[in-house]
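See below for the structure under consideration.
Not measured: the values here are computed from a predicted model. All residue numbers refer to positions in the sequence shown, counting from 1.
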Amino acid sequence: MSDATEPMVYDIVGGQFFVTLVDRFYDGIEGDPVLLPLYPDAADTSGARERLAMFLAQYWGGPHDYMEKRGHPMLRARHNQWSIGEQERDRWLLHMLTALESTVAELPLGQDVRDKVLGDVATYMVNAADHMRNA
């Protein structure tokens with residue numbers, strides 16, 4: 001159990017971190033022939049970018065903009081209409097972890113704090129990606 005006085009990830013990295021992370025992630029997705037067809041508006045990922053950045057910021061302790069605009073995340077239910085197997089999970093994780101590593105590396109923080117943020121967020125992403133599998 002973590003110390004109650006430990007700051008939330010959002011408090012450490014700020015909101016722009018999630019915007020940058022998501023932009024880098026979707027830059028990878030836009031060139032991925034396996035994943036891009038899963039996005040309904042593949043030619044325009046701006047809506048998906050905004051939603052994911054809001055969700056991640058909220059999840060990690062930021063403002064509740066996602067909840068106010070979209071309601072409860074219901075991640076699995078929202079994604080259940082697409083077949084997500086091992087290949088899709090692995091490709092998603094490749095893009096997300098690549099984006100995460102580069103975004104964390106640029107944080108003006110001590111290496112120990114960057115390592116903690118990277119570890120915590122990467123663990124969440126791996127678990128979330130595996131949870132989304134439905135095929």
Side-chain angles (χ1 to χ4, degrees):
M1 190 152 150
S2 67
D3 183 350
T5 62
E6 186 176 317
M8 299 292 290
V9 169
Y10 184 90
D11 296 329
I12 296 168
V13 301
Q16 185 58 44
F17 171 85
F18 297 101
V19 172
T20 301
L21 170 63
V22 167
D23 281 344
R24 290 177 179 175
F25 167 73
Y26 273 105
D27 288 349
I29 294 294
E30 287 180 350
D32 191 306
V34 172
L35 294 180
L36 192 59
L38 300 179
Y39 290 84
D41 299 318
D44 179 13
T45 60
S46 60
R49 288 172 189 248
E50 179 184 14
R51 289 187 297 274
L52 183 55
M54 281 191 306
F55 169 76
L56 291 174
Q58 176 178 305
Y59 181 85
W60 291 102
H64 292 151
D65 296 342
Y66 184 92
M67 188 75 116
E68 290 170 10
K69 292 181 181 181
R70 308 254 315 150
H72 190 281
M74 304 181 307
L75 292 179
R76 193 160 165 98
R78 290 185 194 268
H79 293 84
N80 209 28
Q81 62 187 308
W82 296 285
S83 178
I84 302 171
E86 264 186 61
Q87 181 182 27
E88 291 80 10
R89 178 206 56 203
D90 291 350
R91 298 295 303 166
W92 189 94
L93 274 173
L94 170 71
H95 296 296
M96 182 54 77
L97 296 178
T98 298
L100 179 62
E101 287 174 0
S102 68
T103 306
V104 167
E106 295 174 357
L107 289 171
L109 302 168
Q111 187 64 47
D112 58 332
V113 177
R114 286 195 309 268
D115 288 347
K116 172 105 172 86
V117 169
L118 178 62
D120 290 351
V121 177
T123 297
Y124 168 79
M125 295 301 182
V126 169
N127 291 336
D130 202 47
H131 176 71
M132 300 304 288
R133 286 185 54 203
N134 59 17

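Linking ILVMFWY side-chain heavy atoms closer than 4.5 Å, directly or via other members, places Val117 and Met8 in two distinct hydrophobic clusters. Placement of Leu21 and Val19 in two distinct hydrophobic clusters is found when ILVMFWY residues are connected by side-chain heavy-atom separations under 4.5 Å, directly or transitively.
Between Lys69 and Met54, the shortest heavy-atom contact is CD-SD, 3.8 Å. Between Val126 and Leu97, the closest heavy-atom pair is CG2-CD1, 4.4 Å. Shown here for Leu94 and Thr98, the closest heavy-atom pair between the two residues is O-OG1, 2.7 Å. The minimum heavy-atom distance between Leu93 and Ala129, with the atom names listed, is CG-CB, 3.7 Å. Contact between Met96 and Leu52 at its shortest, heavy atoms only, is CE-CD2, 4.1 Å. When every heavy atom of Ala99 is checked against every heavy atom of Phe25, the shortest pair comes out as CB-N, 3.5 Å.
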Inset, instruction - Show your reasoning for whether ring-ring contact (aromatic ring centres under 6.0 Å, His included) applies to Tyr124 and Trp60. - result: CA-CA 10 Å; Tyr124 168 79; Trp60 291 102; 5.7 Å; yes
Inset, instruction - Applying side chain to side chain contact (heavy atoms under 4.5 Å, CB included), run through Arg89 and Met132 and close with a yes or a no. - result: CA-CA 8 Å; Arg89 178 206 56 203; Met132 300 304 288; over 6 Å; no
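Here the CD1-OG1 distance, from Ile29 to Thr45, works out to 9.5 Å after rounding to the nearest 0.5 Å. Once rounded to the nearest 0.5 Å, the distance linking CZ of Arg51 with CG of Leu56 reads 13.0 Å.
The closest side-chain heavy-atom distance from Leu35 to Leu38 is below 4.5 Å. Side-chain contact check for Tyr10 versus Pro63: some heavy-atom pair is nearer than 4.5 Å. Counting only heavy atoms from C-beta outward, the side chains of Asp130 and Arg133 approach each other to under 4.5 Å. With a 4.5 Å cut-off on side-chain heavy atoms, Asp65 and Gln58 do not count as touching. Looking only at side-chain heavy atoms (C-beta outward), Met125 and Trp92 come within less than 4.5 Å of each other.
Leu118 pairs by the side chain to side chain contact (heavy atoms under 4.5 Å, CB included) definition with Leu100, Glu101, Val104, not counting sequence neighbours.
Salt bridge annotation for Arg70-Glu50: absent, with no cationic side-chain nitrogen under 4.0 angstrom from a carboxylate oxygen. Under 4.0 Å is where a charged nitrogen must lie from a carboxylate oxygen, and between Arg49 and Asp27 at least one such pair does.
Proximity of a side-chain donor or acceptor of Arg91 to a complementary backbone N or O of Asp32 within less than 3.5 Å is not detected.
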